[in-house]
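Down below is the structure, laid out as structure tokens.
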Amino acid sequence: VSFLHADTLMADLRTLLLEIDAPPSDAIRDAGTESRRRPGDDRGGYDQASWRTRTLSLATRRGAALDLASRLRAPRLGLPPVPLPAGDAPSSEQIALGRKLFFDRRLSHNGTLSCAMCHIPEQGFTSNELATAIGIEGRTVRRNAPTVLDAAFLERLFHDGRETSLEHQVWGPLLARNEMGNPSVGSVLERVSALEDYREGFEAAYPEAGLDMETLGGAIASYERTLVTGGSAFDRWRYGGEPDALDASAQRGFALFAGRAGCAGCHPVGTEHALFTDQAFHNTGVGYAASMGRGGATRKVQVAPGQVLEVDAAIIAQVAESAPGDLGLYEVSLDPKDRWSYRTPSLRNVGLTAPYMHDGSLATLSDVVDFYDRGGIANPLLDPRIRPLGLNPDERRDLVAFLRALTGGDVEALVADAFAAPIGDPR
């Protein structure tokens, strides 16, 4: 009782009451129930002085494992069949092995960073709290972490499209100096082979090959291929024959999306399914503006809820690391016309995967709609489909309502499965 001071006890009780009385976040309101689909420390509305913490207790992280292998063969409303390498579905053992690897920090050079620390399940398998990712030892990563949800359908991977298969993509972050920091393929394989809890796993999953570059990449890709999400409100309305699945605002938003706003030109919607990406690359002006230093003489810096300061950009430059250059697809193709072009992302689950654009520079869906309504950022290579739209406030709200209706009906189950995943030996 000598340390159980009354003020300390009351502070603890007030903290617990904050969790009980806290208003739900946007993600929870979208789901209609208590939801796992949100950051643990939700900063939604942090730009308002009325912001209050809505931190989740770790006690809410209750896992429920899925039969992930069966998901690869089961049809998902609104989606085509999942593409499989060589037509062969991975085994349950391969998927389980890949899921464990995805959450294991020991894959990074100093044992501190896992794939899931940039692709956070409860944050749409991306990171809602960072515009651009942070790698090993806090190193700067120049691009936003794209979601892994529905990545199985992408023909080109990374924002610049430099890889064409999930199996090969895995090695990009593993070997990048500013991501997981491993010096070589061999160093990764040597470290994993020395871990007792993986020896039996690779033998069971790949009895003929065991652990090698292909099987490690294949295992993680096998797990990522199961992260497919159909059955959104839009899917039920358009493909499932449920006329009331989409509210009136979202229906008006879809009419704009497919019509006057022209969004479907890059995010097409088919008669039987919709990936919401043309699998192509476009210049919207975002990369151009950053490359040309068109950020203005001052920058807004938020220091507290509702408190923003205008800071001289020269002062920030004195203490900040210089932003690395980024020319997009040009870095892969070396074709000058590809400067500042980036892969069209799928819009599925876009309501969960803020912030947006390749550099995370747009914080909300409203910001994205406003950006395209203004016609992007003018530059000599601007995609001709990007033009001022002249939308009124109600139309912009309807477009946002439609985008929020693209959240898959099984995201919650995938997050729960991720919470049930083994994360390696904590020692």
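Reckoned from all heavy atoms, side chains included, excluding hydrogens, waters and symmetry mates. Position 1 is the first residue of the sequence; numbering continues from there.
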Keeping Thr126 on the side-chain end and Ala145 on the backbone end, is there a donor-acceptor pair under 3.5 Å? yes
On a heavy-atom basis, the closest approach of Gly231 and Arg236 is O-NH1, 3.5 Å
So OH of Tyr223 and CG of Leu166: to nearest 0.5 Å the spacing works out to 13.0 Å
Q) Stepwise, does the side-chain contact (heavy atoms from CB on, under 4.5 Å) test hold for Asp212 with Tyr206? A) CA-CA 10 Å; Asp212 61 21; Tyr206 299 97; over 6 Å; no
I'd like to know if the side chain of Gln279 reaches the main chain of Glu155, judged simply by a donor and an acceptor atom lying under 3.5 Å from each other, with no hydrogens or angles considered. yes
Query raised in the report: Do Arg199 side-chain atoms and Ser193 backbone N/O form a donor-acceptor pair below 3.5 Å?
Result: yes
Less than 4.5 Å apart, side chain to side chain, heavy atoms only: is that true for Leu414 and Leu149?
yes
Check: Is Asp247 reaching over with its side chain to a backbone N or O of Ala250, donor-acceptor style, under 3.5 angstrom?
Finding: yes
Show your working on side-chain contact (heavy atoms from CB on, under 4.5 Å) between Arg252 and Glu395 and close with a plain yes or no. CA-CA 8 Å; Arg252 292 193 299 270; Glu395 289 173 326; over 6 Å; no
Nearest heavy-atom approach of Thr226 to Ser222 is CG2-O, 3.4 Å
Residues Asp235, Arg348; criterion salt bridge (charged side-chain N to carboxylate O under 4.0 Å, His left out); working and verdict
CA-CA 10 Å; Asp235 293 325; Arg348 287 190 170 273; 2.9 Å; yes
Taken to the nearest 0.5 Å, the spacing of Leu362 CG from Asp367 CG works out to 6.0 Å
d(Leu399 CG, Cys263 SG) to nearest 0.5 Å is 5.5 Å
If we count only N and O atoms by modelled type, under 3.5 Å, do the side chains of Thr112 and Asn110 hold a donor and an acceptor together?
yes
Could you check whether any side-chain N or O of Gln307 sits under 3.5 Å from a backbone N or O of Val303, counting only pairs where one atom can act as donor and the other as acceptor?
no
Discussion item. Run Ser346 and Asp150 through side-chain hydrogen bond (donor to acceptor under 3.5 Å, both in side chains) and show every step you take.
Written reply: CA-CA 8 Å; Ser346 170; Asp150 298 313; 5.4 Å; no
Min side-chain heavy-atom separation His119-Pro146 under 4.5 Å | yes
Shortest non-hydrogen pair, Asn182 vs Leu174, comes out as ND2-O, 2.9 Å
Donor + acceptor pair across side chains of Tyr342, Asp326 (<3.5 Å)
yes
*Can you check salt bridge (charged side-chain N to carboxylate O under 4.0 Å, His left out) on Glu137 and Arg177, steps first, answer last?*
CA-CA 10 Å; Glu137 297 180 335; Arg177 179 187 174 277; over 6 Å; no
Q: Please tell me if the side chains of Thr284 and His358 come closer than 4.5 Å, counting only heavy atoms from C-beta onward.
A: no
**Prompt:** Donor-acceptor pair, Asp417 side chain versus Leu66 backbone, under 3.5 Å?
**Reply:** yes
**Asked** Are any non-hydrogen side-chain atoms of Thr215 and Leu97 less than 4.5 angstrom apart?
**Response** no
* Asked: Within the side chain of Tyr356, is there an N or O that forms a donor-acceptor pair under 3.5 Å with the backbone of Leu365?
  -> no
Interatomic distance, CG@Leu216 vs CD1@Ile220, rounded to 0.5 Å, equals 5.0 Å
So, the side chain of Arg225 versus the backbone of Leu84: is there a donor-acceptor pair under 3.5 Å, distance only?
no
Residue pairs passing the side chain to side chain donor-acceptor pair (under 3.5 Å) test with at least one member in residues 376-389, sequence neighbours excluded, are His282-Asp383, His282-Arg385, Asn283-Asn379, Asp383-Arg385
Using only atom types and a distance under 3.5 Å, with no angle test, would you say the side chain of Asn178 pairs donor to acceptor with the backbone of Gly135?
no
Interatomic distance, CD@Glu163 vs CH2@Trp171, rounded to 0.5 Å, equals 12.5 Å
Ala205 backbone acceptor or donor facing Gln94 side chain under 3.5 Å: yes
Notebook entry, point to check: Relative to the ring of Phe254, is the ring of Phe402 parallel (under 30°), tilted (30 to 60°) or perpendicular (over 60°)?
Noted result: tilted
d(Arg404 CZ, Ser232 OG) to nearest 0.5 Å is 14.0 Å
**Message:** Does Arg105, at its CZ atom, have more than 12 non-hydrogen atoms belonging to other residues, nucleotides or ligands within less than 6.0 Å?
**Reply:** no
Heavy-atom closest pair (Ser291 atom, Trp340 atom, distance to 0.1 Å) is CB-NE1, 3.2 Å
Are side-chain heavy atoms of Arg106 and Asp197 found at a separation under 4.5 Å?
-> yes
On a heavy-atom basis, the closest approach of Glu179 and Pro173 is OE1-CB, 3.2 Å
Would you say Phe153 and Val82 make side-chain contact, with heavy atoms under 4.5 Å? yes
Correct closest heavy-atom pair for Pro80 and Leu275 would be CD-CD2, 3.7 Å
- Message: Does any part of the side chain of Tyr198, heavy atoms only, come nearer than 4.5 Å to the side chain of Leu101, both counted from C-beta?
- Response: yes
Open item on the list: Is it the case that the side chains of Thr229 and Asn349 hold a donor-acceptor pair, with the cut-off being a distance below 3.5 Å and no angle test?
Closed with: yes
Let me see the working for Val301 and Ile316 under side-chain contact (heavy atoms from CB on, under 4.5 Å), right down to the final yes or no. CA-CA 10 Å; Val301 177; Ile316 295 176; 4.1 Å; yes
Derivation and outcome, side-chain contact (heavy atoms from CB on, under 4.5 Å), residues Asp410 and Arg71: CA-CA 11 Å; Asp410 40 9; Arg71 294 177 58 80; 3.3 Å; yes
Q) What class does the angle between the rings of His267 and Phe257 fall in, given that below 30° is parallel, 30 to 60° is tilted and above 60° is perpendicular? A) tilted
Sequence neighbours excluded, the answer for salt bridge (Lys or Arg N to Asp or Glu O under 4.0 Å) partners of Arg156 is none
* Asked: Got Gln302 and Val308 here, is their nearest side-chain heavy-atom distance under 4.5 Å?
  -> yes
